[in-house]
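Just below is one structure, and these are the notes that go with it.
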There are 2 protein chains.
Amino acid sequence: MKPGTLDIKKVEKVAFILKAIGNPLRIGIIDALRVNDELSVNDISRRLQAEQSLVSHNLLNMKLKGILESRREGKNIYYRLKLKEVLKVIECMENCNLEDF
Amino acid sequence: MKPGTLDIKKVEKVAFILKAIGNPLRIGIIDALRVNDELSVNDISRRLQAEQSLVSHNLLNMKLKGILESRREGKNIYYRLKLKEVLKVIECMENCNLEDF
DNA sequence: GTTATATATGAATAAATGTTTATATATTCA
DNA sequence: TGAATATATAAACATTTATTCATATATAAC
């Protein structure tokens, strides 16, 4: 029985990130940020038809975890992807056949 | 503002799968099943130093969700990956720099 | 200054998840 | 048959997560 190839630290980190993005709203946010480099809270809120507060909570959550970053411009705060690798994760799921799920 | 490229159904499915595997023990299991085609509950339990019951719960959980499948051979039940795409997800995280996490 | 708009924050709470413990079931072997 | 081993199940529980609501803060425009 061969060992896995990931050490414990790496397993923890991978799980941490996957858990951090494994939510419909957050996947929606990341998907939107894939096509648009930057989006304001309101942009996302309108686009995904989700409450401002809920979107804000989730954005801050992902920012706190190092997945997103943000900058202020006037009244708006624009979020963008920081951990670009999550795109690869989503892209590789996008291509596969998910009929059964 | 361009739309994202995933429809709602797909967003839900991707989130469903990422959430289903986004846990240290489950990533450990998948990592082990990446290197070993099949493993029994006990194999995994020993390898990851986790309780039989906890491992069983998690294996059944992922089986129920279509990520794993299993077969019985005598007293043992061998689990293996069904949704191979999850390997790609883990592999693409494996390569990226996760120093900050 | 006041008002309007955008975002953040915090409390409250429901719902989901992770974990342990004890027990049940299935299979093998003596 | 009974004992031993492997796995599943189910209850109980603590912890975490998702969501809403109300309110606070920051900036801009007047």
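Chain letters run A, B, ... following the sequence lines, proteins first, then strands; residues in each count from 1.
When distances run from any side-chain atom of B/S40 to the nucleotides C/dT7, D/dT7, D/dT20, the shortest one goes to D/dT7. With D/dT27, D/dT19, C/dT7 as the choices, the nucleotide that has an atom nearest any side-chain atom of A/S56 turns out to be C/dT7.
Note: CG (B/N61) to C1' (C/dA16) measures 12 Å, nearest angstrom. Rounded to whole angstrom, the span from the CD atom of A/E73 across to the C1' atom of C/dT7 amounts to 15 Å. Across the protein-nucleic acid pair, A/K65 atom NZ and D/dA18 atom C1' stand 12 Å apart, rounded to whole Å. The NZ atom of B/K19 sits 9 Å away from the P atom of C/dG18 (whole-angstrom rounding). Rounding to whole angstrom units, CG of residue B/L54 and P of D/dA8 are separated by 13 Å. B/R71 places its CZ atom 18 Å from the C1' atom of D/dA8, with the value rounded to the nearest Å. If you measure from atom NZ of A/K75 to atom C1' of C/dA6, you get 7 Å, rounded to the nearest angstrom. If you measure from atom CG of A/L64 to atom C1' of C/dA8, you get 13 Å, rounded to the nearest angstrom.
Comparing B/S70 and A/G22 by the nucleotide of DNA chain D whose heavy atom lies nearest to each, the residue mapping closer to the 5' end is B/S70. Positionally, the nearest nucleotide of DNA chain C for A/R72 lies more toward the 5' end than for the other of A/R72 and A/H57.
Taking only side-chain nitrogens and oxygens, A/N76 never comes nearer than 4.0 Å to OP1 or OP2 of D/dT27. For A/N23 and D/dA18, the shortest distance from a side-chain N or O to OP1 or OP2 is below 4.0 Å. Within the structure, every side-chain polar atom (N or O) of B/Y79 is placed at least 4.0 Å from both OP1 and OP2 of D/dA6. Remark: A/N58 is not in phosphate contact with D/dA18, judged by side-chain N or O atoms under 4.0 Å from OP1 or OP2.
Contact of B/S53 with D/dT9 (side chain to base): a donor-acceptor pair of N or O atoms is detected under 3.5 Å. Between the side chain of A/Q52 and the base of C/dA6 there is no donor-acceptor pair of N/O atoms closer than 3.5 Å.
A/D7 and A/K10 are not joined by a salt bridge, as no carboxylate oxygen comes within less than 4.0 angstrom of a charged side-chain nitrogen.
B/L60 comes within 4.0 angstrom of the backbone, heavy atoms only, and of no base. Using a 4.0 Å heavy-atom cutoff across all strands shown, A/L59 reaches no nucleic acid atom at all. Among the heavy atoms of the strands, none lies under 4.0 Å from A/K63.
The CD1 atom of A/I21 sits 6.5 Å away from atom CD1 of A/I67, with the distance rounded to the nearest 0.5 Å. Between the CD atom of B/E12 and the CD1 atom of A/I27 there is a distance of 10.5 Å, given to the nearest 0.5 Å. With values rounded to the nearest 0.5 angstrom, B/I29 atom CD1 is found 5.0 Å from B/N58 atom CG.
Residue B/K65 qualifies as enclosed at atom NZ: its count of foreign heavy atoms under 6.0 Å is above 12.
When all heavy atoms of A/Y79 and A/L33 are compared, the pair lying nearest together is O-CD2, 3.4 Å.
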